[in-house]
Amino acid sequence: MIERSVKGFCEPAAQFLAVEQGRLDHGVADNDVVLGHDIDVLVASFDGDARLGLEKIKHVVGLANAKSLEAGWPSDAEWRSLLPAWFVKHFAPDLDTDELDMERAKQAAMSVDARHAYWARRRPRLQNWHFAMSPDQRYWLWWDGRVVDSDTLVLEIDNTGDSGGPMIPWVLAELISAAGGEFRIDLHWTEENGLMTIPQD
């Protein structure tokens, strides 16, 4: 049975990045503990290359984890050179300081509904992605990933953040998409159902 950590409950992921690195390198240990509220389950569809999709996703999460454990967080330009080309090209061009100020002013003048519609249709920017993956901003940790069949990948995350918040971090949704997958469903983990039953098409 998976144990829970009382000390780690609702702590930012920055506190536990060394634990995440162990999970990325070696998988979940028998005595591993859930450091947050729960394990959230994400199912993604790939067109015959789920195994490659998992390798790509773990590689990018691993890069972010490695840089999180170092002294300084890379700049926008450094991230563009560090991350694989297939991932970088998924994003819209980054904005400089003046362009960012203009973007913020434009959104501030919108109604709430208009702002949400704008966010829904725009392409994300890599500078937003890596900011949300930085140690003090990220509230989830890698738990595990497994290939169910050639088209189906299951990812599990240790949700250390707000239990009432979104179950799938947008940064992970973008990573799935960039890796060639399509996000299908996320299911709340319980001790009763364990991993879960994969939904049938």
> Does the side chain to side chain contact (heavy atoms under 4.5 Å, CB included) test come out yes or no for S150 and R51, once each step is laid out?
Replying inline: CA-CA 7 Å; S150 61; R51 191 168 301 281; over 6 Å; no
> Taking atom CD of Q137 as the centre, does the number of heavy atoms from other residues, nucleotides or ligands within less than 6.0 Å exceed 12?
Replying inline: yes
> Near D76 CG, under 6.0 Å, is it more than 12 heavy atoms from other residues, nucleotides or ligands?
Replying inline: yes
Is there a donor-acceptor contact under 3.5 Å from the side chain of [X] to the main chain of [Y]?
| X | Y | answer |
| --- | --- | --- |
| T152 | V148 | no |
| K67 | P74 | no |
| W143 | E156 | no |
| E20 | W142 | yes |

>> Test side chain to side chain contact (heavy atoms under 4.5 Å, CB included) on L175 and H90; report intermediate values, then the result.
In response: CA-CA 9 Å; L175 179 49; H90 174 75; over 6 Å; no
In Å and rounded to the nearest 0.5 Å, what is the [atom1] to [atom2] distance from [X] to [Y]?
| X | Y | atom1 | atom2 | answer |
| --- | --- | --- | --- | --- |
| W73 | S68 | CH2 | OG | 4.0 Å |
| L155 | K58 | CG | NZ | 10.0 Å |
| N159 | I39 | CG | CD1 | 8.5 Å |
| S75 | R80 | OG | CZ | 11.0 Å |
| S177 | L172 | OG | CG | 11.5 Å |

> Do the rings of F87 and W129 sit parallel, tilted or perpendicular, given the 30° and 60° boundaries?
Replying inline: perpendicular
>> Show the nearest heavy-atom pair for residues L42 and D40, with the distance to one decimal.
In response: CD1-O, 3.7 Å
> Taking a hydrophobic cluster as the set of Ile, Leu, Val, Met, Phe, Trp and Tyr residues connected by side-chain heavy atoms closer than 4.5 Å, whether directly or through intermediates, do V60 and W170 fall within one such cluster?
Replying inline: yes
> Using the benzene-type ring in the case of Trp, are the ring centres of F131 and W79 under 6.0 Å apart?
Replying inline: no
>> Run L126 and L83 through side chain to side chain contact (heavy atoms under 4.5 Å, CB included) and show every step you take.
In response: CA-CA 10 Å; L126 187 62; L83 290 161; 3.7 Å; yes
Testing [options] for side chain to side chain contact (heavy atoms under 4.5 Å, CB included) with [X], which one passes?
| X | options | answer |
| --- | --- | --- |
| F46 | L153, L52, D151 | L153 |
| L24 | N65, L141, D144 | N65 |
| V147 | D49, L54, V154 | L54 |

>> Applying salt bridge (charged side-chain N to carboxylate O under 4.0 Å, His left out), can you list everything that pairs with R23, at least two apart in sequence or on another chain?
In response: D32, D158
> Under the salt bridge (charged side-chain N to carboxylate O under 4.0 Å, His left out) test, which residues partner K56, sequence neighbours left out?
Replying inline: none
> With the threshold set at 4.0 Å, does a side-chain nitrogen-carboxylate oxygen contact exist between R125 and E174?
Replying inline: no
>> V171 vs N128, test: side chain to side chain contact (heavy atoms under 4.5 Å, CB included). Steps then yes/no.
In response: CA-CA 9 Å; V171 288; N128 300 126; over 6 Å; no
